[in-house]
Amino acid sequence: MLVDSPKQADVVLIADLSNLAHRAFYANSELTTTTGLKSGHVFGSMRMLVALFRDFDDTKVCPIFCYDGKGAKAARQAVCPTYKGNRKPHEVDPIAGVKELVINLPGVHIEQDGLEGDDAMAWAVDLVKGKNAVVFSGDKDLYALMRFPNVKCYSPNKGRMIKPEDWIEEYKVLDPGKISLAKALFGDASDNIKGVERLIKKQVEPVLNSEKCVDIASFYDILETKPESMTENMYKKTLEAKERVLVNYQIILPNTKDFVKESVKRTIKSTENQQKLLEVLTKYECRSVMEDASQLYS
C-alpha cells in the first residue's frame with residue numbers, strides 16, 4: 001500500500017529517477033505513440049514501479065523519488081573536469097517524461113540545483129532517521145548506503161536485493177562503508193573516473209579490509225610501509241596516483257550537507273493526483289498499465 005509520508009510508512013523506497021528512466025527507455029526504445037512520440041520510458045517506468053510496489057504486499061510503503069538538480073555535475077566537474085564527460089546527449093531525454101509521470105505518485109520528491117540524484121538518495125537515508133529503507137537503483141556505488149543497518153539495496157539489473165557477495169565481488173571489501181574508497185582506487189569507466197593505472201585489486205584487498213583502513217587518509221597511512229601483498233611496482237604506482245585518488249574520493253563521496261528543506265516536495269495521495277497520473281499515461285498511450293497505476297491510490 002502506498003502512503004505519502006515516511007512517518008506513515010513501514011518502509012521507504014528511495015528511487016533513483018535517472019537510473020529508472022534510462023533503464024526503461026533502453027528496454028522499450030521501440031515504443032511510440034500513434035503521433036510518433038517516444039513512450040517506452042514512461043511505459044517501462046510505470047510497469048517497473050507497479051511490479052516493485054506489488055512485492056511489498058500489504059506493507060505501507062512511501063516512495064522517495066530523487067532527481068538530478070539543475071547543473072548537478074558542475075561542482076564535481078570543477079574538481080575533476082573529466083567527470084561524466086564521456087556521456088553523450090540522447091536523442092530523447094527520458095528523465096523529463098518519467099518525472100512528469102512520477103511527480104503525481106504519492107510520496108516525497110527531492111531535487112536541488114547543483115546536486116545529483118545520488119546525493120539526494122544519501123540525504124534521504126539520513127532524512128528518514130533509521131526507518132527501514134530500500135534503495136532502488138542499478139548504480140553499484142549506492143551499495144555503500146548498506147553501511148547503515150536499516151538500508152537494503154534492490155538492483156533492477158539483478159531483479160533482487162543485493163547480497164554481501166555482490167559488493168565483495170565488485171569492490172573486494174567486506175564493509176560496504178569502504179566502497180567509496182575502493183572505487184577511488186579502482187576508478188569507474190561509466191563516470192569517466194581514472195583510478196590507479198592497471199591496479200591489481202587482489203594486491204590492495206588486504207589493505208582495504210584492514211581494521212586500520214577506514215578512509216583514504218588511513219589507507220595511505222598504511223602505505224607508509226609497503227604491504228606484503230603488494231609488489232614493488234604496484235606499490236610505487238599506487239603512491240604516485242595518490243593525488244588523483246584523493247580527488248576521486250572527494251567527488252565519489254555523496255554531498256548531503258548542502259541540501260535544504262525546500263528541496264523536498266510531497267505529493268498527496270488524492271483523487272486529483274490520481275487523475276493527473278492517468279492523464280500522463282493517456283498522453284503517452286500507456287493504456288495497458290493504467291488500471292494497475294490507478295490501483296496504487298487505493
Problem set entry | Side chains of Thr34 and Glu285, donor plus acceptor under 3.5 Å | yes
Problem set entry | Donor-acceptor under 3.5 Å (Arg244 side chain, Gly195 main chain) |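 Looks like yes, one N/O pair under 3.5 Å.
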Seminar exercise, completed: Using a 4.5 Å side-chain heavy-atom cut-off and chaining through intermediate ILVMFWY residues, the residues clustered with Ile251 come out as Val79, Tyr83, Ile193, Val247, Ile252
For this session: Hydrophobic side-chain clustering at under 4.5 Å (ILVMFWY, transitive links): who's grouped with Leu115? Put none if nobody.
Result: Val12, Ile14, Ile64, Val108, Ile110, Met121, Trp123, Val125, Leu127, Val128, Val135, Leu142, Leu145, Phe148, Val151, Phe259, Val264
Problem set entry | Residue pairs passing the ring-ring contact (aromatic ring centres under 6.0 Å, His included) test where at least one lies in residues 276-298, sequence neighbours excluded |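 Passing the test, one end in residues 276-298: His41-Tyr284.
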Problem set entry | Pairs satisfying ring-ring contact (aromatic ring centres under 6.0 Å, His included), at least one member in residues 221-257, at least two apart |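 Not a single pair qualifies under ring-ring contact (aromatic ring centres under 6.0 Å, His included).
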Exercise. Are Leu185 and Leu208 side-chain neighbours, meaning at least one heavy-atom pair lies under 4.5 Å?
Worked result: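 SC-SC contact between Leu185 and Leu208 confirmed.
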Exercise. Of the options Arg266, Lys265, Lys269, which is the one that meets Asp4 in a salt bridge (Lys or Arg N to Asp or Glu O under 4.0 Å)?
Worked result: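 Result: among Arg266, Lys265, Lys269, Arg266 is the only option passing the salt bridge (Lys or Arg N to Asp or Glu O under 4.0 Å) with Asp4.
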Exercise. Is there any side-chain hydrogen bond (donor to acceptor under 3.5 Å, both in side chains) pair reaching into residues 102-111, and which pairs are they, with sequence neighbours excluded?
Worked result: Tyr67-His109, Lys99-Glu111, His109-Thr267
Problem set entry | Residue of the set Lys276, Gln275, Gln274 for which side-chain contact (heavy atoms from CB on, under 4.5 Å) holds with Glu272 | Lys276
Exercise. Listed by chain and number, what are the ring pair (Phe, Tyr, Trp, His ring centres under 6.0 Å) partners of Tyr154, not counting sequence neighbours?
Worked result: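 With sequence neighbours excluded, Tyr154 shows a ring pair (Phe, Tyr, Trp, His ring centres under 6.0 Å) to Phe136, given in chain and number order.
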Exercise. So, are Asp292 and Arg54 salt-bridged, with charged N and O less than 4.0 Å apart?
Worked result: yes
Problem set entry | Steps toward side chain to side chain contact (heavy atoms under 4.5 Å, CB included) verdict (Thr82, Lys194) | CA-CA 9 Å; Thr82 62; Lys194 184 179 179 182; over 6 Å; no
